[in-house]
Colleague: 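Below is the structure I would like to discuss, written out as structure tokens.
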Amino acid sequence: MLNFPYETSDIPPAPYIDLQVSAPNQSEVIKNMRAKLDSGASLTVIPQNLIGEWNLVELGDVRARSYDDTPRLHPVYYEDTTKSSHLRA
């Protein structure tokens, strides 16, 4: 079983993982980031600034509900995500 450290500065505290995110077919452009693990989430979200920086092409949109339970349309993009080889334990 994997255990993930909780970030206690979040309210409520939440588990995080170290990831490497890159633009499709551009493995040399890698961003190392920390990501919140949400077992109830049905989508993966990346920082909005990467969309313009990597010139990601919008594939369509998806209706998703926010924390306030309001449904909204959000654009969908393709990116590559891999688990970092050095997870924080």
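This structure is a prediction, so every number in the text was calculated from the model and none was measured.
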Colleague: Can you tell me if CD on Glu58 sees more than 12 non-hydrogen neighbours from other groups inside 6.0 Å?
Modeller: yes
Colleague: Under 4.5 Å between any side-chain heavy atoms of Asp10 and Tyr16, yes or no?
Modeller: yes
Colleague: Are Glu7 and Lys36 within salt-bridge range, i.e. N to O under 4.0 Å?
Modeller: no
Colleague: Find out whether Met33 and Leu50 are in side-chain contact, i.e. whether some heavy atom of one side chain is under 4.5 Å from a heavy atom of the other.
Modeller: yes
Colleague: So do the side chains of His74 and Arg63 get within less than 4.5 Å of each other, counting heavy atoms only?
Modeller: no
Colleague: Please name all residues satisfying side chain to side chain donor-acceptor pair (under 3.5 Å) with Asn49, sequence neighbours left out, ordered by chain then number.
Modeller: none
Colleague: For Ala35 versus Leu19, what's the shortest heavy-atom pair and its separation?
Modeller: CB-CD1, 3.5 Å
Colleague: With heavy-atom distances below 4.5 Å as the criterion, would you say the side chains of Arg72 and Thr70 are in contact?
Modeller: yes
Colleague: Do Tyr77 and Ile51 come close enough that some side-chain heavy atom pair is under 4.5 Å?
Modeller: yes
